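All remarks here apply to the structure that follows.
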Amino acid sequence: MRLSSSVEGIARIEIQKRLDLIQVIIYMGFTKLLIEDKPRKLKELQMNVQKELNCMNRKLNIAITRIGNPYGHPNILAEFIAGQLKNRVSFRKAMKKAIELTEQADTKGIQIQIAGRIDGKEIARVEWIREGRVPLQTIGAKIEYCSYRVRTIYGVLGIKIWIFIDEE
């Protein structure tokens, strides 16, 4: 469920349903984006969630939680890269900047893949970059994954991000 195009920085959303209460927990990297105009946006968000979940007879509780390292989450990183690509920044420069931001978040490795008509070329291609270790074949490895589509003036690009956090 997409909240709105103006709300960015959401890592994940948890919905807990009980008989008389629905608890929605939104984990955000940058809470100031939603809190700047808090009363109006929260009311609008609450009405949209109530319509979406068909819970007019239940109480709805929305909690916004800030996460520690926002660039350690692939969703937020994908939104960052998408914003860069929409502003016509070179895809390789955007990927390298994202890797720099992820290294500050204390991760063991990251892999980023961008596919489509990169930089407006006529033939679509796939470009990827890896920094550190990303053991995709190891079942015990804790890897967070995100697939994100971004519409640019050249067409649709697909962004995939794998972040290797820890080995269990």
Side-chain angles (χ1 to χ4, degrees), residues 1-15 24-34 36 41 44-45 48-49 51-53 64-168:
M1 171 174 60
R2 276 262 178 242
L3 293 178
S4 114
S5 60
S6 65
V7 178
E8 292 179 349
I10 295 176
R12 70 178 195 271
I13 298 173
E14 287 182 8
I15 300 174
V24 178
I25 304 169
I26 302 172
Y27 293 92
M28 292 188 75
F30 313 105
T31 52
K32 66 175 181 158
L33 296 174
L34 191 63
E36 283 173 354
K41 280 198 176 177
E44 180 182 320
L45 178 66
N48 289 343
V49 170
K51 283 181 195 170
E52 203 66 40
L53 296 177
I64 298 172
T65 307
R66 187 179 184 280
I67 53 177
N69 292 326
Y71 290 114
H73 291 270
N75 293 3
I76 295 173
L77 209 58
E79 286 178 358
F80 169 77
I81 293 172
Q84 295 285 310
L85 294 174
K86 281 185 179 177
N87 292 335
R88 296 189 191 178
V89 173
S90 166
F91 74 95
R92 204 170 306 275
K93 193 173 188 179
M95 288 197 293
K96 286 182 181 176
K97 180 69 175 168
I99 286 176
E100 273 181 38
L101 293 170
T102 307
E103 285 173 354
Q104 297 169 2
D106 192 37
T107 58
K108 294 193 175 177
I110 178 171
Q111 180 173 333
I112 301 173
Q113 174 181 311
I114 298 178
R117 290 186 57 188
I118 299 170
D119 290 337
K121 300 280 195 276
E122 284 200 20
I123 296 178
R125 65 185 199 274
V126 177
E127 294 283 338
W128 61 274
I129 190 169
R130 181 188 302 136
E131 189 76 29
R133 287 181 55 222
V134 184
L136 297 177
Q137 297 293 316
T138 308
I139 294 175
K142 187 169 190 274
I143 294 178
E144 290 194 16
Y145 169 77
C146 173
S147 177
Y148 196 86
R149 288 189 344 195
V150 57
R151 261 189 88 63
T152 63
I153 59 167
Y154 308 120
V156 178
L157 295 177
I159 303 171
K160 291 183 181 178
I161 299 178
W162 295 266
I163 297 179
F164 176 44
I165 295 173
D166 200 5
E167 207 147 4
E168 295 173 355

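All figures in this text were calculated on a predicted structure; none of them were measured in a lab. Along the sequence shown, residues are numbered consecutively beginning with 1.
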If you compare all heavy atoms of [X] against all heavy atoms of [Y], which two are closest, and at what distance to 0.1 Å?
X: Ile163; Y: Pro74; answer: CD1-N, 3.8 Å
X: Lys142; Y: Phe164; answer: O-CD1, 3.8 Å
X: Cys146; Y: Asn75; answer: SG-OD1, 3.2 Å
X: Tyr148; Y: Ala78; answer: CB-CB, 3.7 Å
X: Lys96; Y: Ile129; answer: CG-CD1, 4.1 Å
X: Ile118; Y: Arg125; answer: CD1-O, 3.6 Å

When rounded to the nearest 0.5 angstrom, what distance separates [atom1] in [X] from [atom2] in [Y]?
X: Met95; Y: Arg130; atom1: CE; atom2: CZ; result: 12.5 Å
X: Gln84; Y: Phe80; atom1: CD; atom2: CZ; result: 4.0 Å
X: His73; Y: Thr102; atom1: NE2; atom2: OG1; result: 11.0 Å
X: Ile159; Y: Ser147; atom1: CD1; atom2: OG; result: 9.0 Å
X: Ile76; Y: Tyr71; atom1: CD1; atom2: OH; result: 8.0 Å

Answer yes or no: is there a side-chain heavy-atom contact under 4.5 Å between [X] and [Y]?
X: Asp166; Y: Lys108; value: yes
X: Ile114; Y: Trp128; value: no
X: Ile81; Y: Ile161; value: yes
X: Ile123; Y: Lys121; value: no
X: Arg88; Y: Ile153; value: yes
X: Glu44; Y: Asn48; value: yes
X: Ile165; Y: Glu144; value: yes
X: Met28; Y: Ile64; value: yes

Apply the test side chain to side chain contact (heavy atoms under 4.5 Å, CB included) to residues Leu77 and Ile110: give CA-CA distance (whole Å), side-chain angles for both, the deciding distance (0.1 Å), then the verdict.
CA-CA 11 Å; Leu77 209 58; Ile110 178 171; 3.4 Å; yes
Do the side chains of Glu127 and Arg92 get close enough for a salt bridge, i.e. N-O under 4.0 angstrom?
yes
Excluding sequence neighbours, so at least two apart, what forms side chain to side chain donor-acceptor pair (under 3.5 Å) with Arg133?
Glu167
Please answer whether the main-chain N or O of Gly155 pairs with a side-chain N or O of Thr152 as donor and acceptor at a distance below 3.5 Å.
yes
Determine, stepwise, if the pair Ile10 / Ile26 fulfils side chain to side chain contact (heavy atoms under 4.5 Å, CB included).
CA-CA 7 Å; Ile10 295 176; Ile26 302 172; 4.1 Å; yes
Taking only residues two or more places apart in sequence or in another chain, which ones pass ring pair (Phe, Tyr, Trp, His ring centres under 6.0 Å) with Tyr145?
Trp162
Does the side chain to side chain contact (heavy atoms under 4.5 Å, CB included) test come out yes or no for Arg66 and Tyr27, once each step is laid out?
CA-CA 6 Å; Arg66 187 179 184 280; Tyr27 293 92; over 6 Å; no
Over 12 foreign heavy atoms within 6.0 Å of CZ, Arg151:
no
What verdict does the side chain to side chain contact (heavy atoms under 4.5 Å, CB included) test give for Asn69 and Ile67, after you've listed the backbone C-alpha separation in whole Å, the side-chain angles of each residue and the deciding distance to 0.1 Å?
CA-CA 6 Å; Asn69 292 326; Ile67 53 177; over 6 Å; no
